[in-house]
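Predicted model, so just to flag it, every value in this text is computed and none were measured.
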Amino acid sequence: MNESLEECFALMETLVQCRQQPISVRLRKIRHRYSMLHEDVLLLIYHLSKVVVGNILEIGPYLGGSTIAAGFGVRDSSALKTIVTVEPGGRFKHPRLSSEDILRDLKKNLARQDLAPLVTLVPGHSGKEETVVAVHRHLPPASVGLFIFDADAGIDRDLRLYRDLFEDRAWVVIDDYYSAGDGEKADRIRPRVDALVAAGELSSLGLYGWGTWIGRWCRR
């Protein structure tokens, strides 16, 4: 069995184990209140945040479900890690999780879980120069062990802008590789991820939940 296949099976086995732990119940409640991600994805974000040696960079937390999962993982680990999350804010209408002020609600939700001290929030669009500068101010080069992307279709753009921050073989979580709720967005993201895999910049380890891609970034 090759190394990639072994890692794929190991990740699936880890998820099964996480489903049997008390954190599963806790994250199920967090998903209902704050997240549009599948519970399995939140569990894996929790696990990866707990075990990675490096820092965590997130693009697009919305109301903070994934950020809370990462914060729980960091808090349950024995290592000091930085979580930086980038959110442009604004308002968003959704049948279950609407917000009139995303940044306000995100800060409130992190505070409710006592995670505000662990998370550095960078307001702004991830592609803007001032945002890129702010993120680099908080994260040293080659220090990010987990990258979470749940924003627009610009995964290739953000990998180009922030790649110098990633450790080799950093974990990468990309939502909406497949998406029943917004198929048009998935149709834009999927070919970009596939192109990055074909170029050897990403390696795929599977799809989880409702179509969230999980894999590794490869330094070339």
Side-chain angles (χ1 to χ4, degrees), residues 1-21 23-24 26-28 30-31 35-62 65-70 72-74 76-77 83 144-156 158-159 162-163 166-220:
M1 186 181 298
N2 64 43
E3 183 179 349
S4 180
L5 193 56
E6 287 181 350
E7 192 168 39
C8 184
F9 276 110
L11 192 62
M12 290 189 287
E13 183 179 9
T14 294
L15 176 58
V16 172
Q17 293 171 350
C18 286
R19 287 173 181 161
Q20 316 305 317
Q21 298 172 2
I23 188 64
S24 178
R26 195 171 186 188
L27 287 178
R28 190 176 303 125
I30 293 299
R31 192 204 75 81
S35 182
M36 288 179 272
L37 293 174
H38 193 280
E39 178 188 335
D40 284 353
V41 176
L42 294 180
L43 281 169
L44 287 174
I45 289 173
Y46 164 82
H47 168 76
L48 294 173
S49 300
K50 184 177 178 180
V51 302
V52 293
V53 175
N55 299 316
I56 297 150
L57 172 60
E58 178 182 39
I59 308 292
Y62 187 44
S66 52
T67 323
I68 292 169
F72 286 168
V74 169
D76 288 347
S77 75
I83 303 173
V144 171
L146 172 61
F147 176 59
I148 305 164
F149 182 87
D150 187 8
D152 58 13
I155 177 61
D156 48 349
D158 284 357
L159 282 174
Y162 299 104
R163 62 188 301 161
F166 298 170
E167 298 175 341
D168 189 26
R169 303 282 296 162
W171 288 95
V172 179
V173 176
I174 303 171
D175 193 36
D176 293 316
Y177 183 87
Y178 282 107
S179 176
D182 188 355
E184 183 180 346
K185 181 180 177 183
D187 288 343
R188 299 196 306 272
I189 290 178
R190 190 164 56 251
R192 299 181 186 197
V193 174
D194 291 346
L196 290 163
V197 172
E201 294 188 38
L202 294 177
S203 61
S204 179
L205 293 173
L207 300 177
Y208 289 86
W210 293 300
T212 300
W213 184 97
I214 296 181
R216 298 271 201 174
W217 181 78
C218 307
R219 185 181 297 278
R220 295 189 303 169

Compare every heavy atom of Gly145 with every heavy atom of Glu167, then report the nearest pair and how far apart it is.
-> OE1-CA, 3.6 Å
Report the C-alpha separation of Phe72 and Ile30 in whole Å, then their side-chain angles, then the decisive distance to 0.1 Å, and conclude whether the side chain to side chain contact (heavy atoms under 4.5 Å, CB included) test is met.
-> CA-CA 11 Å; Phe72 286 168; Ile30 293 299; 4.1 Å; yes
Can you name the nearest heavy-atom pair linking Ala186 to Ser179, along with the distance?
-> CB-N, 3.7 Å
After noting the C-alpha distance and the side-chain angles of Trp213 and Arg190, does the key distance pass the side chain to side chain contact (heavy atoms under 4.5 Å, CB included) rule?
-> CA-CA 9 Å; Trp213 184 97; Arg190 190 164 56 251; over 6 Å; no
Nearest-0.5 Å distance, CG of residue Leu27 to OH of residue Tyr46 | 8.0 Å
Closest contact, heavy atoms only, Ser35 versus Gly65 | CB-CA, 3.8 Å
Salt bridge (charged side-chain N to carboxylate O under 4.0 Å, His left out) with Asp194: which residues, sequence neighbours excluded?
-> none
Minimum heavy-atom distance between Leu196 and Ile155, given as atom pair plus value | CD1-CG1, 4.5 Å
Distance in Å, Met12 CE paired with Leu15 CG, rounded so as to fall on 0.5 Å steps = 9.5 Å
Would you list the pairs meeting salt bridge (charged side-chain N to carboxylate O under 4.0 Å, His left out) in which at least one residue belongs to residues 45-59, sequence neighbours left out?
-> none
Given the options Leu202, Leu207, Ile214, Ile174 meets side chain to side chain contact (heavy atoms under 4.5 Å, CB included) only with Leu202
Hits for ring-ring contact (aromatic ring centres under 6.0 Å, His included) against Phe147, two or more places apart or cross-chain, chain-then-number order -> Phe166
Give every donor-acceptor pair under 3.5 Å between a side-chain atom in residues 36-45 and any protein atom, sequence neighbours left out.
| unit_1 | atom_1 | unit_2 | atom_2 | d |
| --- | --- | --- | --- | --- |
| His38 | ND1 | Asp40 | N | 2.9 |
| Glu39 | OE1 | Arg28 | NE | 3.0 |
| Glu39 | OE2 | Ser24 | OG | 2.8 |
| Glu39 | OE2 | Arg28 | NH2 | 3.4 |
| Asp40 | OD1 | Arg19 | NE | 3.2 |
| Asp40 | OD2 | Arg19 | NH2 | 2.6 |

Spacing of Leu57 atom CG and Ile83 atom CD1 [to the nearest 0.5 Å] | 11.0 Å
Partner residues of Tyr62 under the side chain to side chain donor-acceptor pair (under 3.5 Å) criterion, sequence neighbours left out | none
Derivation of the side chain to side chain contact (heavy atoms under 4.5 Å, CB included) call for Tyr208 and Leu11 | CA-CA 10 Å; Tyr208 289 86; Leu11 192 62; 3.7 Å; yes
Look up atom OG in Ser77 and atom NE2 in His47, then write down how far apart they are to the nearest 0.5 Å.
-> 12.0 Å
What pairs with Arg216 under side-chain contact (heavy atoms from CB on, under 4.5 Å), at least two apart in sequence or on another chain?
-> Glu7, Arg169, Trp171, Ser203, Leu205
